[in-house]
Amino acid sequence: MASRRDFLQQGARLCALGALGAPLGAAAQTTSMEPPPDLFDAQLLDIDFWVKPRTLSVVRPASGERAKLLYWKDGEMIDSAYQELCHLLRDVHGRATAPIDPKLLEMLWGTQAFIARYGLHQPLEILSGYRTEASNKRLVEEGVPAARKSLHMVGKAADIRLANLNEEVLGGLIRSFRQGGVGYYYRSGPKGGWIHADTGLQRTWKG
Ligand SMILES: [Zn+2]
């Protein structure tokens, strides 16, 4: 599968961040620290990281659901776990479920698995996954940041947050996959902002 191969290559590049060590851990302790300058320099290859079984730990603050699911093993998606993940990333408000792009799950897993190397094991908070057209339209009308032709409507986007990891570091990590779009939504307050990640064209924006 071409997309998986691409992802592995990008993943190998990301794994070079292994050289980063302490700086990411330090960044995780604060919400204001800028990512260190060498955050995205690729030097090391670590293919083992990308072929090992994939478990995603997610929480949906809107519904209170949380789950830890082994969804990919021996090069294959585990269908029952995939279906559960699609359910978790459903439109909570519109009460609708849709297939989620497997590439999006890879981006989410890669992010989580990478920071786990630094002792960070918090679940991914999914603020928004799939959205029905009606839900998306409602957000646009309410003035919430949402594109009219949002990739959320086709199961190719998620708005996420990771406790103790600032937007700059989280967004930078996802961007280093070079697999799609990354939107930075900075917000003040105890929980901070969030990152929009999608599997569309590679682009970056601040909202
Ligand atoms: Zn979004």
Side-chain angles (χ1 to χ4, degrees), residues 3 6-7 10 14 31 35 56-67 69 71 82 84-115 122-207:
S3 64
D6 292 345
F7 185 74
Q10 300 305 338
L14 175 67
T31 53
L56 252 179
S57 175
V58 299
V59 54
R60 275 311 291 263
S63 64
E65 290 163 289
R66 59 173 62 224
L69 294 161
Y71 76 96
Y82 172 70
E84 272 192 69
L85 282 169
C86 291
H87 180 72
L88 278 160
L89 271 78
R90 73 190 181 281
D91 184 332
V92 171
H93 302 290
R95 298 184 184 184
T97 303
I100 299 296
D101 185 352
K103 211 166 102 177
L104 182 67
L105 298 181
E106 289 182 340
M107 286 168 80
L108 300 181
W109 174 81
T111 304
Q112 192 162 53
F114 181 78
I115 64 162
Q122 60 269 50
L124 265 175
E125 291 179 37
I126 307 288
L127 305 183
S128 181
Y130 168 65
R131 278 180 209 152
T132 62
E133 224 169 290
S135 287
N136 197 71
K137 191 162 175 252
R138 184 174 53 79
L139 292 178
V140 172
E141 286 166 1
E142 288 175 0
V144 177
R148 280 180 197 283
K149 296 208 181 263
S150 166
L151 288 171
H152 285 279
M153 298 192 295
V154 286
K156 292 179 182 290
D159 294 344
I160 62 170
R161 177 188 281 154
L162 267 165
N164 304 319
L165 209 63
N166 71 40
E167 298 90 343
E168 204 62 38
V169 174
L170 178 57
L173 257 176
I174 298 174
R175 221 174 59 180
S176 70
F177 289 126
R178 298 173 211 274
Q179 292 289 306
V182 177
Y184 293 75
Y185 292 85
Y186 298 98
R187 299 292 182 271
S188 53
K191 293 212 158 191
W194 68 90
I195 292 295
H196 163 106
D198 68 51
T199 58
L201 294 173
Q202 273 185 46
R203 65 219 190 284
T204 306
W205 68 92
K206 296 190 194 307

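Counting convention: from 1, in listed order, for ligands and their atoms alike. Heads up: numbering here begins at 1 and tracks the sequence.
Asp198 lies apart from the Zn ion (ligand 1) in this respect, since none of its N, O or S atoms is found at a distance under 2.8 Å.
For His196, the N/O/S atom at the shortest distance from the Zn ion (ligand 1) is named ND1. Here the N, O or S atom of His152 that is nearest to the Zn ion (ligand 1) is NE2. Residue-level check: among N/O/S atoms of Asp159, OD1 sits closest to the Zn ion (ligand 1).
Looking at Arg138 and Glu142, a side-chain N of the basic residue comes within less than 4.0 Å of a carboxylate O on the acidic one, giving a salt bridge.
No side-chain donor-acceptor contact under 3.5 Å links His152 to the backbone of Tyr130.
Looking at heavy atoms from C-beta onward, Glu84 lies out of side-chain contact with Tyr71 at the 4.5 angstrom threshold.
Taking CD from Gln112 and CG from Leu56, the interatomic distance works out to 5.5 Å, rounded to the nearest 0.5 Å.
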